A.B. asks: 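Sharing a structure here in structure tokens format.
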Amino acid sequence: MIVNRLTSEAFQAFGDVIDTQSAQTQYLINGGTTTRFHDLAKVQVSATDASSVRSGISIFRGEARVFPLSLSMLERHPLGSQAFFPLNQRPYLVVVAPALDSHQPDIENIKVFWASSTQGVNYAQGTWHHPLIALDDISDFLVIDRIGTGNNCDEYEFDKSLIRWIERADFACFSD
Ligand SMILES: NC(=O)N[C@@H](O)C(=O)O
Ligand code: NI
């Protein structure tokens, strides 16, 4: 599969890249001892009823994926965004697809991005994406997403004929 480096521009239709280099606004705080890279991503939380919903911070500990990796499903979170930030200085893969219609992804236009160890990603609410793809070793990610009631995870299994494979060679050209 074609793998591209993750950039804000390329990811714009799917959410935000959390990266100091993509900050629109940055300014000094704390008496000039700290730089704030301001408002890098939009946290979205929706409620299906009056239940209390909020955003929360978790840590996902992902096993290293084995390659070739088959892409046989995507998921989306219809009620909120989901952000990941790598905590172990390792790159990872991000897989997304546009919506084909209201209930399925456009698999023909699936996109695979190589994310560096200093880039986070924020999937906008309802964006079709693959579950966490950690590389090379067990890896922790800080995750910000919706905490609350209601179904917030739709999964879509591909027809066997549409399963795609990612080879390690597909992203061997990238480095931090
Ligand atoms: N299931 C779960 O919370 N993980 C996925 O949402 C994911 O994107 O990894
Ligand atoms: Ni998810």
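Because the structure is a prediction, the values reported are computed rather than measured.
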A.B. asks: Quick one, Val53 and Ser46 - any side-chain contact, counting heavy atoms below 4.5 Å?
C.D. replies: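 No. Closest side-chain heavy atoms not under 4.5 Å.
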
A.B. asks: Gln82 and side chain to side chain donor-acceptor pair (under 3.5 Å): which partner among Arg146, His77, Gln125?
C.D. replies: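 Single side chain to side chain donor-acceptor pair (under 3.5 Å) partner of Gln82 among Arg146, His77, Gln125: His77.
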
A.B. asks: For Arg54 and Val45, indicate whether the former's side chain and the latter's backbone hold a donor-acceptor pair under 3.5 Å.
C.D. replies: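 Not at all, since once roles are kept as given, no pair shorter than 3.5 Å links the two residues.
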
A.B. asks: Any sub-3.5 Å donor-acceptor pair from Asn30's side-chain atoms to Gly32's backbone N or O?
C.D. replies: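 No; zero donor-acceptor contacts below 3.5 Å.
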
A.B. asks: What's the separation between atom CG in Asp19 and atom CZ in Phe37, rounded to the nearest 0.5 Å?
C.D. replies: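 The distance works out to 9.5 Å.
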
A.B. asks: For Val17, which fellow cluster members are found when Ile, Leu, Val, Met, Phe, Trp and Tyr are connected by side-chain heavy-atom distances below 4.5 angstrom, either directly or through intermediates?
C.D. replies: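 Grouped by the 4.5 Å side-chain rule, Leu6, Phe11, Phe14, Phe60, Phe84, Tyr92, Val94, Val96, Phe113, Val121, Tyr123, Leu132, Phe141, Val143 form the rest of the cluster around Val17.
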
A.B. asks: Taking Leu87's backbone N and O only, do any of them form a donor-acceptor pair with Asp140's side chain (distance below 3.5 Å, no angle check)?
C.D. replies: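 Answer holds: no.
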
A.B. asks: Looking only at heavy atoms, what is the nearest atom pair of Asn122 and Lys42, with distance?
C.D. replies: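 Shortest heavy-atom separation between Asn122 and Lys42 comes out as ND2-O, 2.9 Å.
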
A.B. asks: Is there a continuous path of hydrophobic side-chain contacts, each under 4.5 Å between heavy atoms, that joins Ile144 to Ile147?
C.D. replies: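 No, no single cluster joins them.
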
A.B. asks: Measure across Arg76 and His103 and return the closest heavy-atom pair with its distance rounded to 0.1 Å.
C.D. replies: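 Taking Arg76 first and His103 second, the nearest heavy atoms are NH2-CA, 3.7 Å.
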
A.B. asks: Taking all atoms of both residues into account, what is the closest heavy-atom pair of Asp16 and Leu40, and its distance?
C.D. replies: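 Smallest interatomic distance, heavy atoms only, reads CB-O, 3.6 Å.
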
A.B. asks: Does Asp136 form a salt bridge (Lys or Arg N to Asp or Glu O under 4.0 Å) with Arg168? I'd like the steps, not just the answer.
C.D. replies: CA-CA 11 Å; Asp136 300 328; Arg168 186 165 278 279; 3.3 Å; yes

A.B. asks: Do Tyr156 and Val112 share a hydrophobic cluster (ILVMFWY, side-chain heavy atoms under 4.5 Å, transitive)?
C.D. replies: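 Same cluster: Tyr156 reaches Val112 through Ile, Leu, Val, Met, Phe, Trp or Tyr contacts under 4.5 Å.
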
A.B. asks: Please name the pair of heavy atoms, one in Val43 and one in Ser55, separated by the smallest distance, quoted to 0.1 Å.
C.D. replies: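 Heavy atoms of Val43 and Ser55 come nearest at CG1-CB, 3.7 Å.
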
A.B. asks: With a 3.5 Å distance limit and no angle check, can you tell me whether Asp159 reaches the backbone of Ser161 through a side-chain donor-acceptor pair?
C.D. replies: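 Side chain of Asp159 to backbone of Ser161: no pair is present.
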
A.B. asks: Who else is in Tyr27's hydrophobic cluster (ILVMFWY, side-chain heavy atoms under 4.5 Å, direct or via others)?
C.D. replies: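 Besides Tyr27, the cluster holds Ile29.
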
A.B. asks: If I take atom CD from residue Glu157 and atom CD from residue Gln104, how far apart are they, to the nearest 0.5 angstrom?
C.D. replies: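 Nearest 0.5 Å value for the CD-CD distance: 13.5 Å.
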
A.B. asks: Is any side-chain heavy atom of Leu135 closer than 4.5 Å to one of Phe67?
C.D. replies: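 SC-SC contact between Phe67 and Leu135 confirmed.
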
A.B. asks: State, to 0.1 Å, how close His129 and Thr127 come at their nearest heavy-atom pair, and which atoms those are.
C.D. replies: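 Looking at all heavy atoms of both residues, the closest pair is ND1-O, 2.9 Å.
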
A.B. asks: With distance as the sole test, does Asn152 use its side chain to make a donor-acceptor pair with the main-chain N or O of Leu79 at under 3.5 Å?
C.D. replies: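 Yes.
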
A.B. asks: How long is the gap from CG on Asn4 to CZ on Phe174, to the nearest 0.5 Å?
C.D. replies: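 If we round to the nearest 0.5 Å, Asn4:CG and Phe174:CZ are 6.0 Å apart.
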
A.B. asks: Check whether Ile110 and Leu69 end up in the same hydrophobic cluster, where Ile, Leu, Val, Met, Phe, Trp and Tyr are linked by side-chain heavy atoms less than 4.5 Å apart.
C.D. replies: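 Same cluster: Ile110 reaches Leu69 through Ile, Leu, Val, Met, Phe, Trp or Tyr contacts under 4.5 Å.
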
A.B. asks: With rounding to the nearest 0.5 angstrom, report the CZ to NE2 distance, Arg164 to His130.
C.D. replies: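 Answer for the CZ-NE2 pair, Arg164 versus His130, is 13.0 Å.
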
A.B. asks: Kindly give the heavy-atom pair with the smallest separation between Ala97 and Pro105, and that separation in Å.
C.D. replies: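 That would be CB-CB, 4.2 Å.
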
A.B. asks: Taking Arg36's backbone N and O only, do any of them form a donor-acceptor pair with His38's side chain (distance below 3.5 Å, no angle check)?
C.D. replies: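 Judged by distance alone, no pair lies under 3.5 Å.
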
A.B. asks: By salt bridge (charged side-chain N to carboxylate O under 4.0 Å, His left out), which residues pair with Arg5, not counting sequence neighbours?
C.D. replies: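 Partners of Arg5 under the salt bridge (charged side-chain N to carboxylate O under 4.0 Å, His left out) test: none.
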
A.B. asks: Mind checking whether Met73 and Leu93 sit in one hydrophobic cluster, side chains of I, L, V, M, F, W, Y counted as touching below 4.5 Å?
C.D. replies: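 Different clusters: Met73 never reaches Leu93 through Ile, Leu, Val, Met, Phe, Trp or Tyr contacts under 4.5 Å.
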
A.B. asks: Taking the side chain as C-beta and beyond, is there a heavy-atom pair between Glu155 and Pro131 under 4.5 Å?
C.D. replies: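 The answer is no, as the side chains (C-beta and beyond) never meet within the 4.5 Å cut-off.
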
A.B. asks: Determine whether Ile166 and Phe171 satisfy the following criterion, side-chain contact (heavy atoms from CB on, under 4.5 Å), listing intermediate values before the conclusion.
C.D. replies: CA-CA 9 Å; Ile166 304 175; Phe171 56 94; 4.1 Å; yes

A.B. asks: Taking everything shown except Ile2 itself, do over 12 heavy atoms lie less than 6.0 Å from its CD1?
C.D. replies: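 For Ile2, atom CD1 is not crowded (no more than 12 foreign heavy atoms under 6.0 Å).
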
A.B. asks: side-chain contact (heavy atoms from CB on, under 4.5 Å), that's the test. Do Asp137 and Asn88 meet it? Break it down for me.
C.D. replies: CA-CA 9 Å; Asp137 199 350; Asn88 297 104; over 6 Å; no

A.B. asks: Check for me, please, whether Phe158 and Leu100 land in the same ILVMFWY cluster - side-chain distances under 4.5 Å, paths through other members count.
C.D. replies: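 They do not share one cluster, since no chain of ILVMFWY contacts under 4.5 Å joins Phe158 to Leu100.
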
A.B. asks: Within this structure, what is the CD-OG1 distance for the pair Gln21 and Thr118, rounded to the nearest 0.5 Å?
C.D. replies: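 Atom-to-atom, Gln21:CD and Thr118:OG1 are 6.0 Å apart.
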
A.B. asks: Is the number of heavy atoms from other residues, nucleotides or ligands within 6.0 Å of CD (Gln12) greater than 12?
C.D. replies: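 Result for CD/Gln12: open.
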
A.B. asks: Could you grab the distance from atom CG of Asp170 to atom CE of Met1, nearest 0.5 Å is fine?
C.D. replies: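 So the CG of Asp170 and the CE of Met1 are separated by 8.0 Å.
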
A.B. asks: Name the one of Ile107, Val95, Leu162, Ile163 that satisfies side-chain contact (heavy atoms from CB on, under 4.5 Å) with Leu71?
C.D. replies: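 By the side-chain contact (heavy atoms from CB on, under 4.5 Å) criterion, Leu71 pairs with just one of Ile107, Val95, Leu162, Ile163: Val95.
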
